[in-house]
Participant: 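Would you mind keeping the following structure in view while I ask a few things?
Here the structure is a predicted model, which means the values were calculated and not measured. The chains referred to below are lettered A, B, ... by the order of the sequence lines, with proteins before strands, and numbering in each begins at 1.
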Number of protein chains: 2
Amino acid sequence: MGQKGTATRARILTATQELVETGGYFGAGLNRVVAVSGAPRGSLYFHFPDGKDQLVAESIRQAGQATGAAFEGLAESSTSVAEFAEGVLLHLGDRLEESGWHKGCPVATVALEMAGSSDTLQQACSEVYTSWTTALRAQLEGRRDADDLAVTILALIEGALLLAKAHRSREPLDRVTRQLATLLR
Amino acid sequence: MGQKGTATRARILTATQELVETGGYFGAGLNRVVAVSGAPRGSLYFHFPDGKDQLVAESIRQAGQATGAAFEGLAESSTSVAEFAEGVLLHLGDRLEESGWHKGCPVATVALEMAGSSDTLQQACSEVYTSWTTALRAQLEGRRDADDLAVTILALIEGALLLAKAHRSREPLDRVTRQLATLLR
DNA sequence: CCTTCTTAATAGATCGGTCTACATATTTTT
DNA sequence: AAAAATATGTAGACCGATCTATTAAGAAGG
């Protein structure tokens, strides 16, 4: 793959990621992807021959990896799991509010929309969530209920993010943050 | 409104609710609504003159009320908040699995899809979540952190349901159920 | 040269929404 | 009580826009 090809592919993926993040699977219409990325229509099917599902699946995986890396960084600068989780909620809250209540979890919307109907996308979503859970679990090493706790914290974050978007308010995030201490007591 | 009119209106709403529950806003295409409900296309805009947003908003409110009522019943037969929350998770898990991992929260998908772009739907989702939170809060009377806790429990349920759908597995629900005891210690 | 990649026209389906004609109740008038 | 007038609801063809996907031809770059 030449340099130009690689570049267009990346641009398409980034544009898709952006659109999926704010509008889910159906918010990322291919016309819009083409418009935002500046790539021509045909290139889309040259780089992603399996069509939209492949495109969205890859963009989700990429977003998952990026988010995972960001959390990794946050984890290193935290002295406890509670501090880390609070940092995550703070960061996600900032992002959500600054984007005008558009950008929540890059995976959740697609998961709810498509997990029931597309195996490709269900698998992609599942994998991203698993990787996040694993990363979280690693920080809970030594606790008896580490596995349960990791899933619970992730559920809490996802749920809080959903409620915040629904209410267009940080309140749910703040309330959940306060309760985190109890959970991790 | 005559009897027949009321009946068709109800059929349309039920069909929409069904479709929204499994496929979100975009899963409930008007063609499909018409097909499932058996109502003719014209009746749709007779009963819901403001179009799809009105239709979906009403169907969400109806689903919210129905779910709220179901939880009310579950609450009466529970001796503690923990027992109630566990019952809710169990019930939702059954529903999700029995529907082939289709029917999760009837509000969440639309909230994530549309809260950022449609005021009508954002408001409807927000109201349903508020009503559920209020109901939950009522069961926590006497606790210092009742407000925070009510939101946290709802977030936990919504998050667990999302993860369960993404993984097509009850595991997240089970893990969260186990951790609920800690949270409500 | 020849693979890699771009370009734009286009197909065919489906989308939400509108329209007019028609049927069925309900009320009003005589 | 019969007939006429009005309101209520049904029925489905139809509109332009948008959707994902395909195609054939040409440009760029190794």
Participant: Check salt bridge (charged side-chain N to carboxylate O under 4.0 Å, His left out) between B/Asp119 and all other residues, then give those that pass, not counting sequence neighbours.
Facilitator: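 With neighbours one apart ignored, the set is A/Arg168.
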
Participant: Where along residues 49-59 of chain A does a heavy atom fall under 4.0 Å from DNA chain D?
Facilitator: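 The answer is A/Gly51, A/Lys52.
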
Participant: Using side-chain hydrogen bond (donor to acceptor under 3.5 Å, both in side chains) as the criterion, list what pairs up with B/Glu58, not counting sequence neighbours.
Facilitator: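 Applying side-chain hydrogen bond (donor to acceptor under 3.5 Å, both in side chains) to B/Glu58 gives B/Arg9, B/Gln54.
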
Participant: By side-chain hydrogen bond (donor to acceptor under 3.5 Å, both in side chains), which residues pair with B/Glu141, not counting sequence neighbours?
Facilitator: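 B/Glu141 satisfies side-chain hydrogen bond (donor to acceptor under 3.5 Å, both in side chains) with B/Arg137 once adjacent residues are dropped.
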
Participant: In terms of side-chain geometry, is the basic nitrogen of A/Arg178 or A/Glu86 positioned less than 4.0 Å from the acidic oxygen of its partner?
Facilitator: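 Salt bridge flag = no for A/Glu86 with A/Arg178.
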
Participant: Listed in order of residue number, which residues of residues 18-45 of chain A have a non-hydrogen atom at under 4.0 Å from DNA chain C?
Facilitator: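 Within residues 18-45 of chain A, the residues near DNA chain C are A/Pro40, A/Arg41, A/Gly42, A/Ser43.
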
Participant: At less than 4.0 Å, is any side-chain N or O atom of B/His47 found next to OP1 or OP2 of D/dT10? Yes or no.
Facilitator: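 The answer is yes; a side-chain N or O of B/His47 sits under 4.0 Å from OP1 or OP2.
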
Participant: Measure CZ/A/Phe46 against P/C/dT6 and give the value in whole Å, please.
Facilitator: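 Whole-Å distance recorded here is 7 Å.
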
Participant: Using whole Å, what does the distance between atom P of nucleotide C/dC5 and atom CZ of A/Arg9 come to?
Facilitator: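 Spelled out: CZ on A/Arg9 to P on C/dC5 is 10 Å.
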
Participant: Does any non-hydrogen side-chain atom of B/Leu89 lie less than 4.5 Å from one of B/Val176?
Facilitator: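 A side-chain contact under 4.5 Å exists here.
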
Participant: Give me the ring orientation class for A/His167 and B/Tyr129: parallel if the planes are under 30° apart, tilted from 30 to 60°, perpendicular past 60°.
Facilitator: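 A/His167 and B/Tyr129: perpendicular rings.
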
Participant: Please check the phosphate of C/dT6 (OP1 and OP2 only) for any side-chain N or O of A/Thr8 closer than 4.0 Å.
Facilitator: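 So the side-chain polar atoms of A/Thr8 do come within 4.0 Å of the phosphate oxygens OP1 or OP2 of C/dT6, strictly under.
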
Participant: Measure the distance from CD1 on B/Ile12 to C1' on D/dG9 and round it to the nearest whole Å.
Facilitator: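 Interatomic distance, CD1 of B/Ile12 to C1' of D/dG9: 11 Å.
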
Participant: Under 4.5 Å between side-chain heavy atoms, chaining through other members, with only Ile, Leu, Val, Met, Phe, Trp and Tyr counted: pull out the rest of the cluster around B/Val36, sorted by chain and number.
Facilitator: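 For the cluster that includes B/Val36, the remaining residues are B/Ile12, B/Leu13, B/Leu19, B/Leu30, B/Val33, B/Val34, B/Leu44, B/Tyr45, B/Phe48, B/Leu55.
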
Participant: Output yes when A/Glu21 and A/Arg95 qualify as a salt bridge under the 4.0 Å nitrogen-oxygen rule, no when they do not.
Facilitator: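 Yes.
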
